[in-house]
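Below: one structure, written as structure tokens.
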There are 2 protein chains.
Amino acid sequence: MKYCIGIDVGGTTVKMGIFEAEGRLIRKWEIPTRKGEGGKQFIGDAAESIRKALSELQISMEDVLGAGMGVPGPVVANGYVDVCVNLGLHKCYPGDDLSKALGGVKVCLGNDANVAALGEMWQGAGKGHNSICMVTLGTGVGGGLVNEGRMISGVHGLAGEIGHMHVQDEEPEVCNCGGHGCLEQYASATGIVRVAKRNLARTRRASAMRDFGEALSAKDVCDCAKAGDQVALESIRYSMRKLAIVMSHIAMGTDPKLFVIGGGVSRAGSFLTDMIGEYLRDYTPMIGDDPDEVVLAELGNDAGIYGAAKLVLED
Amino acid sequence: MKYCIGIDVGGTTVKMGIFEAEGRLIRKWEIPTRKGEGGKQFIGDAAESIRKALSELQISMEDVLGAGMGVPGPVVANGYVDVCVNLGLHKCYPGDDLSKALGGVKVCLGNDANVAALGEMWQGAGKGHNSICMVTLGTGVGGGLVNEGRMISGVHGLAGEIGHMHVQDEEPEVCNCGGHGCLEQYASATGIVRVAKRNLARTRRASAMRDFGEALSAKDVCDCAKAGDQVALESIRYSMRKLAIVMSHIAMGTDPKLFVIGGGVSRAGSFLTDMIGEYLRDYTPMIGDDPDEVVLAELGNDAGIYGAAKLVLED
């Protein structure tokens, strides 16, 4: 039996998993992310904890095909990281350090959102397909593209940064990226709330959303919309239409088999994916109607470790 | 010496080229496209004319690595064509027929716009890079994406169909694809004229474009804009801004090294690419300023045969 290791590095925790090469997760755990030593302390910590887990499972390093690692920042295809703010990394090849710490085993690196897309393709909602797009609706909007089984990284490591695609002219507020009118400003959890609050301020119509005051959350907006609240429904429709336009551009750009929707906002379920799918079909008349084109993610927070492990196999 | 053959099938002519595997074009020619036999008569014609050319050049079929063929319609990665209106093809694998007609040589198939992108990457404006996007501004707007040296085809063969990305809400006129507000409606040669005529109808300002009456062409719009005509400049700026938004989505989607602009409209030269580049940088603040990100195509009508030949080598 051969194994591969998946590592998903976040600003707070490092998630790890040991997988059979066929895709079965046999152990997962996490450790806190320590950021000392130019941001790389977590690499030694991760290596040590992996060695320990392998030893407990009586797996020899010779049976480990390699380790994949997802990090929250742009990663160029050769594994180079120019800057990763959340981890304090700067102009380095973190994969090389991890490989050394694991005795020379093969290590592959990727951006966390791109890697998650690969995970969903391998063992999640995209299983059985080899070209998918994953959309993560959380605090921000992230994305990842897999084409013919290979994760797309991009020459600046920015592939899949769909949250920063321009979807609205004349947006007065500035996005984190420096742009104006990015998808993230409308379709992230924060963006959904922003759109809803703008709509509430513009109308005197009654809306259950008013009861939540400043604390209004994206979940509240979705819940109110599901309950038939018209202002909430118009708000979420506006947000999801912007998302569908971006997805239609991906559909005509790389033409994946399906779109996997994940992240906290996706807990609103088929209410959301049905709505997105309807708009998407409006904007892609060249693609025949496919009711299964927009689906919910299945791996949750484990998508990252699955995808990281799969990186080892695709190389 | 090893050789490969590039074939670019259009509705009127079939262009062909014989290449050294290193990329040098040693002979090119074309024949009329005959569409008998379920659209496939041209395959026999092409095979016969290739055999003749090889014989004249004293190249043995054993030294031919294979032939690539670009066709004007969607091609799935495995070479399947569901329908190709211009050639009358229907549910077939035209590459298999060509392979048989050439004595079993390897044949690779692709969509013509995607194949042209591969050609520009190999020996044209993208030479030295392996991830590019080609944009063809002609009667329509076409596109092709190459990522890490591989052409992206898409699961429906629709990858790179950037002309049908939605860029404008509330467009009353319908696009060829059935959509409303597609890029092609604003940035193709026809689209540029349409935008200019709309602008002329909306204003009483003087414009040199009025002298052309109904016969106004995209070249006239560009020429007037270059000469400082304000209505023409506003028109072409509108069209190129829409194009730049789509390109910014590709930049954040697959993140190619550069964009190659080809097609008849691109004869307007650096006037156009500079304008597109400026807008593109506005919409992609995450990507540092790169003045060489938008360049003119170099292979003209030969991009198709170059790319088709390269298809053989990438497989």
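Just the heavy atoms: all of them, side chains too, but no hydrogens, waters or symmetry mates, feed the values below. Since the model is a prediction, treat every value here as computed from it, not as a measurement. So you know, we letter chains A, B, ... as the sequences are listed, proteins then strands, and number each from 1.
- The part of A:Leu145 that comes within reach of chain B is its side chain, from C-beta onward, which places non-hydrogen atoms under 4.5 angstrom from that chain.
- Note on A:Lys257, A:His166, A:His180: by heavy-atom pairs under 4.5 Å with chain B, the leading option is A:His166.
- With A:His164 contributing its side chain and B:Thr284 its backbone, the two residues share no donor-acceptor pair below 3.5 Å.
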Using the rule given for side-chain contact (heavy atoms from CB on, under 4.5 Å), can you reason through B:Val246 versus A:Met165, listing the C-alpha separation, both sets of side-chain angles and the distance that settles it, and then say yes or no? CA-CA 9 Å; B:Val246 155; A:Met165 291 185 178; over 6 Å; no

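- Here the SG-OH distance, from A:Cys177 to B:Tyr283, works out to 12.5 Å after rounding to the nearest 0.5 Å.
- Contacts between B:Asn130 and chain A at a heavy-atom distance below 4.5 Å are absent for every atom of the residue.
- For the atom pair OG1 of B:Thr254 and CG of A:Leu158, the computed distance is 11.0 Å after rounding to the nearest 0.5 Å.
- Summarising the geometry, atom CD1 belonging to A:Ile152 is positioned 11.5 Å from atom CZ belonging to B:Arg150; distances are rounded to the nearest 0.5 Å.
- You'll find the side chain of A:His156 stays beyond 4.5 Å of the side chain of B:Met286, heavy atoms only.
- Contact annotation: the side chain of B:Asn147 never approaches that of A:Asn147 to less than 4.5 Å [non-hydrogen atoms, C-beta and beyond].
- Between A:Leu183 and B:His249 there is no side-chain heavy-atom pair separated by less than 4.5 Å.
- If you tally non-hydrogen atom pairs under 4.5 Å between each of A:Glu161, A:Glu148, A:Met252, A:His129 and chain B, the highest count goes to A:Met252.
- Across all non-hydrogen atoms, the minimal contact from B:Val155 to A:Ser131 is CG1-CB, 3.9 Å.
- The nearest pair of heavy atoms linking B:Pro285 to A:Gly178 is CG-C, 4.0 Å.
- There is no contact between A:Asp290 and chain B, counting heavy-atom distances below 4.5 Å.
- Looking only at side-chain heavy atoms (C-beta outward), A:Val167 and B:Ile245 stay at 4.5 Å or farther from each other.
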